[in-house]
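Structure first, then comments.
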There are 2 protein chains.
Amino acid sequence: MAERTEIDNFSIDCVIFGFDEGVLKALFIKRNTEPGFGQMSLPGGFVYLDEDLDAAPMRRLYDLTGLTDIYMKQVGTFGKLDRYPLRRVITVVYYALVRVSDYSMQIGPDASELHWISVKKIPKLAFDHKELFSAALAKLQEQVHIDPIFLKLLPKEFSLSDLQDVYEAITMETFDKRNFRKRMLSLGVFLDTGRKQKNVSHRAARLYRFNRKAYKKMLKRGQMFVI
Amino acid sequence: MAERTEIDNFSIDCVIFGFDEGVLKALFIKRNTEPGFGQMSLPGGFVYLDEDLDAAPMRRLYDLTGLTDIYMKQVGTFGKLDRYPLRRVITVVYYALVRVSDYSMQIGPDASELHWISVKKIPKLAFDHKELFSAALAKLQEQVHIDPIFLKLLPKEFSLSDLQDVYEAITMETFDKRNFRKRMLSLGVFLDTGRKQKNVSHRAARLYRFNRKAYKKMLKRGQMFVI
DNA sequence: TCAAAAGTGTTGTCGCTACACCCATGT
DNA sequence: ACATGGGTGTAGCGACAACACTTTTGA
């Protein structure tokens, strides 16, 4: 591949959220270069001069994990003078949502170690990455009421308990099971597949599928995923 | 003033909202340089290398209008390759809220003309500024339910009708007068000053003032300005 | 038979909506 | 006296919160 020019005072950082066994996690890199050697940080990188801004985080995520077609959303842009020690760098933060089960680990050249870490147990991060991460989490918590975010975190077929687990993990609240189900089913966007869970050591749950057409109608009715 | 280095592929643009006689307006510049000569555009400019990102739109607004201490909020960052004809420029959009009555016109060197234009009658704009403007308006429409935005648009003392006018102008909806007042007064954050309008050719309205302490309590109760 | 999670209805309360007329003031 | 906006109350309905037990399945 030919060398491409980077805009070297302009970067992107990604907060990659995944959902794993009822826990909301994010993907971090242990830095193996200075500055910040040995510290955890968000995966990020510079933007190429001949690359759309929104393409940069996608490319970075692909290099890191091999995943494509990932849902990404811009969180905000951070540009304090001292946020990066070597020089002045403005960064745009994105969050991504991935199914951890789809995820295939591919360690790129500048990522010595990748770690999924629970959002409730975030360690000290390099530079101002804690602030970037918090902004992304706050944005996700806003969006969960507006968009069908669970779609990007759950498999195609899922139980209502899975759904509730996602909502509880993101909002950090707990909900009454009956009220939650009533509310979700009343939206009319979940289709009972007739199938059930297999190989579970308890009563098997019904599996549902999201119905996009019904979702469009729901939006026209002005309904949301607010709980 | 000493010359400062600009980051020349990185700019900010401002959508400056004002409220004037019941109409929500935004401030535009008629460009007097190429590219886009003669077209309306958002006030914007480059970021200095030794300047915090968030300081840049404040500086630009000050140069343009002489106003300081203005409420500003980041809308988003736009970075398509072809968005600016001369070269690759990534731009961060901010919106600002000003009281048109406070506003003192000061035309800077690269602004041949400034115009307040109703958000319902936006003309063709230079480059991708229509998209930037629309994003800012959408953000404002979200925020109006969350933050006491009217404070930045109205004088210190205002009538409930003024308040309703602001909400209707921003949301582009109309509300029942009785329900609107009931709702707003029930929040307990508006203090009757005992004063009334002067020199109006109809019954004078009571003037209210916003109570910040009561507002903090309201937030703790989890209430919002949703209508 | 036990453990673990799935699944299921009702009732009360509170908040929202809809709706129409009289009042104060300046011209 | 008239035009203009200011100011007020109620009733019905619908949405949400609170709440506990039975069912299914595999180990």
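Numbers restart at 1 for each chain; the letters A, B, ... are given by sequence-line order, proteins then strands.
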B:Lys177, nearest nucleotide to its side chain (from D:dG7, D:dA17, C:dG7):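 Of the options given, the side chain of B:Lys177 lies nearest D:dG7.
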Please determine, by modelled atom types, if B:Arg60 and B:Thr65 share a side-chain donor-acceptor pair under 3.5 angstrom.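 Absent: no donor and acceptor within the cut-off.
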Going by atom types alone, do B:Asp54 and B:Tyr94 pair a side-chain donor with an acceptor below 3.5 Å? yes
Residue met sooner reading DNA chain C from 5', once A:Asp162 and A:Asp176 are mapped to nucleotides: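 Comparing both residues, the 5'-ward one is A:Asp162.
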Would you tabulate the side-chain donor-acceptor contacts of residues 123-135 of chain A under 3.5 Å, counting partners in other chains and residues two or more places apart, or write 'none'?
unit_1   : atom_1 : unit_2   : atom_2 : d
A:Asp128 : OD1    : A:Arg83  : NH2    : 3.1
A:Asp128 : OD2    : A:Arg83  : NE     : 2.8
A:His129 : ND1    : A:Leu42  : N      : 3.0
A:Lys130 : NZ     : A:Ile122 : O      : 3.4
A:Ser134 : OG     : A:Lys130 : O      : 2.9

What is the distance, rounded to the nearest whole Å, between atom [atom1] of [X] and atom [atom2] of [N]?
X: A:Glu173; N: D:dA17; atom1: CD; atom2: C1'; answer: 14 Å
X: A:Arg183; N: D:dA17; atom1: CZ; atom2: C1'; answer: 13 Å
X: A:Phe175; N: C:dA6; atom1: CZ; atom2: C1'; answer: 19 Å
X: B:Asn179; N: C:dA20; atom1: CG; atom2: C1'; answer: 13 Å
X: A:Arg206; N: C:dG7; atom1: CZ; atom2: P; answer: 6 Å
X: B:Phe180; N: D:dT8; atom1: CZ; atom2: P; answer: 15 Å
X: B:Gln223; N: C:dG15; atom1: CD; atom2: C1'; answer: 11 Å
X: A:Arg181; N: D:dA17; atom1: CZ; atom2: C1'; answer: 18 Å

Kindly state whether the ring of A:Phe19 and the ring of A:Phe158 have centres lying under 6.0 angstrom apart.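 No; A:Phe158 has its ring centre 6.0 Å or more from that of A:Phe19.
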Identified side-chain contact (heavy atoms from CB on, under 4.5 Å) counterpart of A:Phe17 within the set A:Tyr95, A:Trp116, A:Tyr71: A:Tyr95
OP1 or OP2 of C:dA18 under 4.0 Å from side-chain N/O of B:Arg178: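 For B:Arg178, the contact criterion (side-chain N or O under 4.0 Å from OP1 or OP2 of C:dA18) is not met.
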Nucleotide by nucleotide, 5' to 3', does protein get under 4.0 Å of the base (B), only the sugar-phosphate (S), or neither (-) in nucleotides 22-27 of chain D, counting heavy atoms? -BBBSS
Contacts of A:Asp52 meeting side chain to side chain contact (heavy atoms under 4.5 Å, CB included) (sequence neighbours excluded), chain-then-number -> A:Ala55, B:Lys80, B:Leu81
Would you say the base of C:dT10 and the side-chain of A:Lys182 have a donor-acceptor pair closer than 3.5 Å? yes
B:Tyr215 and B:Phe210 aromatic ring geometry - parallel, tilted or perpendicular at 30°/60° bounds: tilted
Looking at every strand, decide which applies to B:Ser159 at a 4.0 Å heavy-atom threshold: base, sugar-phosphate, or nothing.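 Counting heavy atoms under 4.0 Å across all strands, no contact is made by B:Ser159.
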